[in-house]
Number of protein chains: 2
Amino acid sequence: MSHGGARKGAGRPKGQGQYGEPTKPIRLPESLIKSVLKFVKNKGYQLPLYGSKISAGHPSPAEDDIDRHIDLNEHLIKHPTATFFVRASGNSMINAGIHENDILIVDRSLQPQHGKVVIAAVDGQLTVKRLHKENDKLFLMPENPDYSPLEITEENEVYIWGVVTNVIHSV
Amino acid sequence: MSHGGARKGAGRPKGQGQYGEPTKPIRLPESLIKSVLKFVKNKGYQLPLYGSKISAGHPSPAEDDIDRHIDLNEHLIKHPTATFFVRASGNSMINAGIHENDILIVDRSLQPQHGKVVIAAVDGQLTVKRLHKENDKLFLMPENPDYSPLEITEENEVYIWGVVTNVIHSV
DNA sequence: ATAGTTGATTTCTGTACTTTAATCAACTGT
DNA sequence: ACAGTTGATTAAAGTACAGAAATCAACTAT
């Protein structure tokens with residue numbers, strides 16, 4: 001009086017889970033569970049990055065043109081604990097591609113070297129400038145002919161916060 | 001012959017876990033476990049966004065100036081399944097803040113309306129232009145005086161891929 | 001006294017196990 | 001014959017439980 005029985009194909013099919021693949025229980029801090037579930041739902045925000053050439057037709061950019069998939073956080077933020085964002089104001093760095101209200105990604109763990117764009121505090125105001133070293137003198141150089149360089153001396157209290165790595169501009 | 005015994009303060013202290021807060025086991029797809037652990041280690045990539053004013057001194061940008069904490073993915077990508085990235089080439093949109101090699105964030109779920117910056121396929125080549133509607137005619141407008149507008153007609157095979165929402169520029 | 005040892009206690013952590021879900025095939029009634 | 005029912009089977013999902021870790025206080029030896 002047997003029903004069913006051992007046979008191929010019986011049982012719940014594989015890949016029927018919500019993720020279509022095997023899962024494992026992992027302990028997560030409660031405060032992050034919500035955002036982790038969102039993160040997982042979006043497959044870790046791994047989105048395709050295309051080049052500029054696409055094959056003809058228009059079903060979708062050609063698969064073979066996909067350079068790779070990237071996650072903005074991982075791609076832009078190398079030192080998460082040392083990184084912060086600043087909203088840019090003014091247009092003294094317009095020629096470096098920094099516009100009013102852009103979001104600047106600042107990495108505090110990078111050395112502010114000659115030629116780097118840095119965030120500096122001048123008179124209690126954050127400002128973006130390119131750091132320029134010349135004959136042991138340090139300058140904060142704007143990249144806009146309407147503005148003047150500022151030399152960093154003992155007198156003026158200038159503190160360099162970090163190095164700007166990327167600019168996020170809203171079109 | 002008893003040692004220890006029930007008493008206040010005995011036992012492993014609370015908040016001694018690696019996250020300093022209660023945890024819960026959650027099932028995750030195996031392929032994403034690695035990146036989820038990274039995500040959790042970085043506290044969900046929630047980083048502070050500062051304004052441009054800071055209080056004097058230089059221990060750290062004043063706490064009260066923190067607008068909020070943001071996650072780049074959540075902030076920039078509203079429709080994860082419809083979003084992709086394209087690397088910009090050429091400088092026909094320089095006046096819109098789009099430079100060579102910038103990464104463009106493109107949302108395919110947004111309507112390409114008049115005035116929006118769009119990604120279009122022209123002759124099998126991806127191009128960025130501003131969409132311009134005038135008397136029922138559609139144009140792809142460069143934002144660089146050295147380039148000319150292109151009218152979208154039945155003849156030329158122009159397909160609009162999506163709307164550019166943000167530009168990521170490396171300094 | 002004082003330092004080290006040991007049992008009791010509490011929390012943390014990973015995974016084993018139970019419950020639920022989905023499918024197949026034999027069985028049953030019309 | 002055909003549709004519906006039921007047991008067997010396998011996979012998925014959530015949780016309970018056992019072992020590890022950390023701390024306290026009584027005990028012990030010096």
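Throughout, protein chains are lettered first and strands after them, A, B, ... in sequence-line order, and every chain is numbered starting at 1. Because the structure is predicted, anything quoted here is derived from the model rather than measured. Quick note: numbers below take in every heavy atom, side chains included, and nothing from hydrogens, waters or symmetry partners.
Contacts classified as side chain to side chain donor-acceptor pair (under 3.5 Å) and involving residues 25-34 of chain A (residues at least two apart or in different chains) are given here: A:R27-B:T23, A:S31-B:E21.
Under the rule for a side chain to side chain contact (heavy atoms under 4.5 Å, CB included), the partners of A:R12 that lie at least two apart in sequence or sit in another chain are A:Q16. In this structure, the side chain to side chain contact (heavy atoms under 4.5 Å, CB included) partners of B:I168, at least two apart in sequence or on a different chain, are A:L72, A:L76, A:N166, A:I168, B:I103, B:I105. B:Y45 is linked by a ring pair (Phe, Tyr, Trp, His ring centres under 6.0 Å) to nothing, counting only residues two or more places apart in sequence or in another chain. For B:H132, the ring pair (Phe, Tyr, Trp, His ring centres under 6.0 Å) partners at least two apart in sequence or on another chain are B:H114. Under the side chain to side chain contact (heavy atoms under 4.5 Å, CB included) criterion, A:H99 pairs with A:I94, A:D102, A:H169, sequence neighbours left out. Take A:N95 and apply the side chain to side chain contact (heavy atoms under 4.5 Å, CB included) test, not counting sequence neighbours, and it matches A:E143, A:P145.
Defining each end axis of the helix from C:dA1-D:dT30 to C:dT30-D:dA1 as the rotation carrying four pairs' C1' atoms onto the next four, with five pairs an end, the two axes are found to diverge by 30° to 10 degrees.
None of A:V106, A:V86, A:L104 except one satisfies the side-chain contact (heavy atoms from CB on, under 4.5 Å) rule with A:L126; the exception is A:V86.
DNA chain D lies under 4.0 Å from at least one heavy atom of each of the following residues of residues 12-21 of chain B: B:R12, B:P13, B:Q16.
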Using atom names, set out every protein N or O paired with an N or O of nucleotides 15-19 of chain D below 3.5 Å, distance rounded to 0.1 Å.
none

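Using a 4.5 Å cut-off between side-chain heavy atoms of Ile, Leu, Val, Met, Phe, Trp and Tyr, A:L138 falls into a hydrophobic cluster with A:L110, A:V118, A:V122, A:L131, A:L140, A:L150, A:I152, A:V158, A:I160, A:V163. Its side chain within the 4.5 Å cluster rule, B:M141 clusters with B:F139 among the Ile, Leu, Val, Met, Phe, Trp and Tyr residues.
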